[in-house]
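Reading through the structure tokens given below for one structure.
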Amino acid sequence: MTNAYEPRAIEAKWQDRWEAQGTFRAANPGDPGFDPQAPKYYVLDMFPYPSGAGLHVGHPMGYIGSDVVTRRKRAEGFNVLHPMGYDAFGLPAEQYAIQTGQHPAQTTAANIATYRRQLKLVGLSYDWERELTTSDPAYYRWTQWIFARLYDRGLAYQAEVPVWWCEALKTVLSNEEVINGRSERGDHPCERRPLKQWMLKITAYADRLLDDLDLVDWPESVKTMQREWIGRSEGAEIDFEVDGLEDQRLTVFTTRPDTLFGATFMVVAPEHPLVRQLTTDAQRAAVEGYVEAASSKSDLERTDLAKEKSGVFTGSFAVNPAFEAGDERGKIPIWVADYVLISYGSGAIMAVPGQDQRDWDFAEQYGLSIVRTVQPTPNFEGKAFTGNGPAINSGFLDGMGVADAKAAMIAHLERSGLGRSKVNYRLRDWLFSRQRYWGEPFPVLHRADGSHLRVPDAELPVELPEMVDFAPPDDGSPPLSKAVDWVRATDPATGQTVTRDTDTMPGWAGSCWYYLRFMDPHNASAPFSKEAANYWGNVDLYVGGTEHAVLHLLYARFWHKVLFDEGLVPTKEPFQQLFNQGMLTAFAYKDGTGRLVSGDEVEFKGDVAVHRETGEALEQVVAKMSKSLKNVVNPDDVCEQYGVDTFRLYEMFMGPLADSKPWNPRDVPGCRRFLDKLWRLLIDGNTDQPVRPHLAAAAVGEPQGAAADLERSLARALKRVDDSFKAFNFNTAIAALMTFVNDAGKASDALRRDQAERLVQALAPFAPHLAEELWERLGHTESLARAPWPTYDPKWLIESEVEFAVQVNGKLRGTVVAAKDLDQAALAELAVAAAGKHLEGKNIVKTIVVPGRLVNFVAK
RNA sequence: GGGGUAGUGGCGAAAUCGGUAGACGCAGCGGCCUUAAAAGCCGCAGUCCCCUGGGACGUGUGGGUUCGAGUCCCACCUACCCCA
């Protein structure tokens, strides 16, 4: 046994032992060692997409934070489920594969190996026997199975929808992959094109997705983002008859039916199906040119308030149903303009310039009439008035407030059959297919007559065919269509030849339910057993970045609710508490020309960063870690140089877990020094004793003298450690432990064995390897992973003497040490003396005493 | 344009309720130990001013409430995020 702190040796020893002894294995009901008395706790990290670059020090921050919680919960006696896996299907692997010719299955496997090695290096206490990979057929078999449930419930359907098509890349791209009408990769032009796609009817769950946000303990900001994304708005659907189109009506959604009398024109989106019929011959050339130009613009470009509006008159007129038949005011022109989106509402609007700024701008630009139908407030100086006020110029609505006028107009429209109240959502159905190779195949067969049926459950998984050339074909068909033998299949009902669906699911699919598979990861007859789902319930704590605040969390909630309706899960919501860790940034350095200087060329002269070779002073900036900024820090290097425990400790010591903060390599050694100091506190490096002799045996009775002082210090530290779990500000926990170790270092002979043990236990979540080693040296033969969480007697927190601040008119003028409960008169007397000359020549008007804190004299 | 979050020493940060701003750590300075260095230990350390003791200022800026404001209110500036 060596007696110096050698982190790498200790860390390897304990990681091996944890693995060999299955220390972090979570027992399911029925498993050996399952304790029905123990409460359960499920801590989940958002699992990573394994990219080729491996992990940088920012990735494990949330993982370490959740591991700290996990280890404490285990010590508190919970049966903790804490698993990890890989979100392994998706576009980047496929793009890389097309470029390099390597199969995505190979690169994905290599990337996962790197991730696994790095995650294990950091000593995260996952139950590795539950590890899963979404691209594994044993996993995606059940992703397809869940899709089949959606299909059977009518929640999956195929539809022609406008999607971004990139001709150069021969593929459909998602909205996120198209910037200003050009592809993010390669900067190729893209256009909107209607294509047949799989859609999931998430809109059928819109209200539940909205309402059930009240059931979960999530950051308000994330709930707000989800509410805005769902975008529920109440209003009315109104039908407009069109001159010369007897059999068609133009239907719009509006949140302001009360303003119908002010609807002076209509606007349809360029993609609106009636555009062709609405356009008169005289206007046809102009309209067709406009529609063509609009197809390459992004939604953001089209709807930006600051941008100038554009549009073209169709030549047709609609009839505003607010007016009596034949009233000339009710004949309003229909325009095509791209500030109206086909994807929102019905793709057509009634334009009310008096109460809508975008409509006002458009009306001004094209000389269309503007009628106010809500009386603006007296000093109103703007153009469109969106506030509340009495209706004007509105016939039977005149004088009513906005809310009453809405109700009255809806009632009026319902009587005439030209409108009805309607709830509209910004949320669209989920475009669920990709014309790509590296994803889950749809378990669907197509018959010659155009109908489709799903593959029977017993025949799942529909495995991806082995393909050498999976690049998208030139004609725009999906890569899987080239796997001719695979495409040909047999109809299980009729025995006739049918074809397989050749789309694949998007990257989001596998992550929609992975938290459920973790509950029962090896089940070969179901995605997870009912017993497992009932026992583990939902995820108690879900830790990840804000970048998933909307899409992943919304999609997973949707699938969860479908599974709830299937009776497969017992909870309405998948993730009870959500925590977003902050982003880890890093310093980057620029020279005088603004060029970035690589981290290894920077050295410090005192506080100033200078170029190692030229000596030039460099400007320090804070930025996200990225290759291009040359500021990526690799966890392998940090662990190699300082040890894993130092790495973990520093990540938690930097600041609150929720904050974004910069990695400062100069701060890391301080955390190592603390661990060295703590080691020396318990171990004499000059002997071969496992611990210092006075720690070998238990102390008897109450701590006295210096040991009592240490007990007070320890109690304060343990309280602060406990408190840090409320807001995940583990930096304060570590600071408290540092303070205790400093105190104990000054009276090391007085430190009692029970105090040393509690110190080690409290440290364990942050520096688990060192803590295990010290625990063993203190004579324990069992891992401390399930040793009880340390406690203290609250009486040690009570202080009899405290320092009171003495203020005169709110300014600090001295201090007084006195009994905490000294009566106010006696305390004031002491305080007057302490204030001394600051009270000379003044009358004390008032004396304010805050018990245990301060005395403030108001004096003139 | 609307909404959210944040702004505290040279740096990361702390301050649970409106009550001694800067705990803890980094970097820095001084000392001890050492032949020397490293490590360790002890001490100093917001800024400015007379430098004995102290005084003035100080939590992005400007106001306000209060005996007392980093903390509460109003306006503004800056950064990041979300929505349009």
Side-chain angles (χ1 to χ4, degrees), chain A residues 4 219-229 231 299-307 339 341 344 357-358 382 386 426 545-547 549-550 580 582-585 587 604-609 620 622-624 649-651 653-656 658-674 676-677 680 685 716-717 719-720 722-724 726-727 729 731-742 745-746 802-817 834 836-838 844-860:
Chain A
E220 238 2 91
S221 59
V222 176
K223 288 191 185 183
T224 302
M225 278 188 241
Q226 294 227 338
R227 288 192 187 106
E228 286 178 356
W229 189 264
D299 288 359
L300 190 68
E301 281 180 289
R302 289 169 49 162
T303 56
D304 193 334
L305 282 171
K307 292 256 169 66
Y339 77 96
L341 300 177
Y344 184 80
Q357 188 60 44
R358 284 169 306 182
T386 56
R426 206 185 75 89
T546 355
E547 64 270 25
V550 178
N580 294 128
M583 192 179 53
L584 189 74
T585 53
F587 297 122
F604 289 91
K605 292 252 158 50
D607 295 332
V608 186
Q620 181 177 292
V622 170
K624 210 168 170 168
L649 195 72
Y650 175 60
E651 291 243 335
F653 185 61
M654 291 170 74
D659 289 6
S660 93
K661 47 215 176 261
W663 177 274
N664 188 348
R666 294 214 287 178
D667 287 344
V668 180
C671 287
R672 171 60 190 267
R673 273 202 283 272
F674 166 65
D676 283 326
K677 199 188 278 191
R680 287 195 305 271
R716 279 196 295 270
K719 181 178 189 320
R720 293 188 62 191
D722 284 346
D723 288 347
S724 74
K726 289 173 196 149
N729 51 350
N731 53 323
T732 63
I734 294 163
L737 293 174
M738 286 174 170
T739 303
F740 174 69
V741 168
N742 287 343
K746 286 166 188 157
V802 292
E803 191 184 41
F804 286 83
V806 177
Q807 297 180 340
V808 177
N809 294 330
K811 282 195 154 79
L812 183 70
R813 295 303 182 189
T815 58
V816 159
V817 176
K837 63 179 182 182
H838 295 284
I844 298 173
V845 181
K846 196 176 172 188
T847 302
I848 292 150
V849 177
V850 182
R853 287 233 169 233
L854 63 72
V855 181
N856 185 20
F857 297 110
V858 184
K860 280 182 191 164

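The chains referred to below are lettered A, B, ... by the order of the sequence lines, with proteins before strands, and numbering in each begins at 1.
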[X] side-chain proximity, nearest of [options]:
X	options	value
A:Trp229	B:rC83, B:rC67, B:rG55	B:rC83
A:Lys677	B:rG12, B:rC41, B:rG19	B:rC41
A:Leu854	B:rC57, B:rC24, B:rU20	B:rU20
A:Gln807	B:rC24, B:rC57, B:rG19	B:rG19
A:Leu812	B:rG19, B:rU16, B:rU20	B:rU20
A:Met225	B:rC41, B:rG12, B:rC82	B:rC82
A:Arg680	B:rG40, B:rG25, B:rG19	B:rG40
A:Pro662	B:rG12, B:rC82, B:rG25	B:rG12
A:Ile848	B:rC11, B:rG55, B:rG19	B:rG19

Nearest-angstrom distance from the residue atom CZ of A:Arg720 to P of B:rU16: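 Atom-to-atom, A:Arg720 to B:rU16, this comes out as 10 Å.
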Any A:Asn731 side-chain N or O less than 4.0 Å from OP1/OP2 of B:rC24: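 Looking at the OP1 and OP2 atoms of B:rC24, neither is under 4.0 Å from any side-chain N or O of A:Asn731.
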Phosphate OP1/OP2 of B:rG25 contacted by A:Asn742 side-chain N/O (<4.0 Å):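 Checking A:Asn742 against B:rG25: at least one side-chain N or O falls below 4.0 Å of OP1 or OP2.
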